[in-house]
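Note that these values count all heavy atoms, side chains included, but never hydrogens, waters or copies made by symmetry.
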Amino acid sequence: VQKHAASSTRLIEIFSGKPKLVSGDTFAMEYLPGKGTTFFIQGQPQGAPVGDAEFFGMVLKIWVGPAPADFKLKDALLGL
């Protein structure tokens with residue numbers, strides 16, 4: 001976790017800059033090997049890519065891991 005502190009801080013900054021995502025808003029992320037993870041809000045990149053494959057996996061677990069932040073959201077994201 002310590003090695004991902006800077007990337008985690010960037011993710012927090014992105015969400016801190018957007019008070020709340022509302023119905024119709026979009027959030028996406030894309031991992032490109034050798035470049036990192038880019039976060040998008042409303043289709044617009046939120047800065048340069050950050051982190052590595054391990055960081056991307058950590059972030060995915062927030063929403064689709066075994067103990068997600070919201071089980072209903074996890075099911076919706078996975079089309080269940």
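The side-chain contact (heavy atoms from CB on, under 4.5 Å) search around T37 returns M29, Y31, F39, F55, F56, not counting sequence neighbours. Looking at residues two or more places apart in sequence or on another chain, you find no salt bridge (charged side-chain N to carboxylate O under 4.0 Å, His left out) involving E30. The side-chain contact (heavy atoms from CB on, under 4.5 Å) test applied to P68 returns F71, K74, not counting sequence neighbours. With sequence neighbours left out, D75 forms a side-chain contact (heavy atoms from CB on, under 4.5 Å) with L80.
The two residues G47 and T38 come nearest to each other via the heavy atoms O-CG2, 4.1 Å. The two residues Q42 and D25 make their nearest non-hydrogen contact at OE1-CA, 2.9 Å.
Inter-residue side-chain proximity for L11 and V59 is flagged as met; some heavy-atom pair is nearer than 4.5 Å. Within the 4.5 Å cutoff, the side chain of Q46 has no heavy atoms near those of the E13 side chain.
Residue pairs meeting the salt bridge (charged side-chain N to carboxylate O under 4.0 Å, His left out) criterion with at least one member in residues 34-60, sequence neighbours excluded: K3-D52, K3-E54. Sorted by first and then second residue, the salt bridge (charged side-chain N to carboxylate O under 4.0 Å, His left out) pairs with a member in residues 59-70 form an empty list; sequence neighbours excluded.
If you chain together hydrophobic residues whose side chains sit under 4.5 Å apart, M58 and L32 never meet in one group. Hydrophobic clustering, with ILVMFWY side chains joined whenever heavy atoms are under 4.5 angstrom apart, keeps I62 apart from F40. Residues L73 and V64 share a single hydrophobic cluster, defined by chaining ILVMFWY side chains whose heavy atoms lie under 4.5 Å apart.
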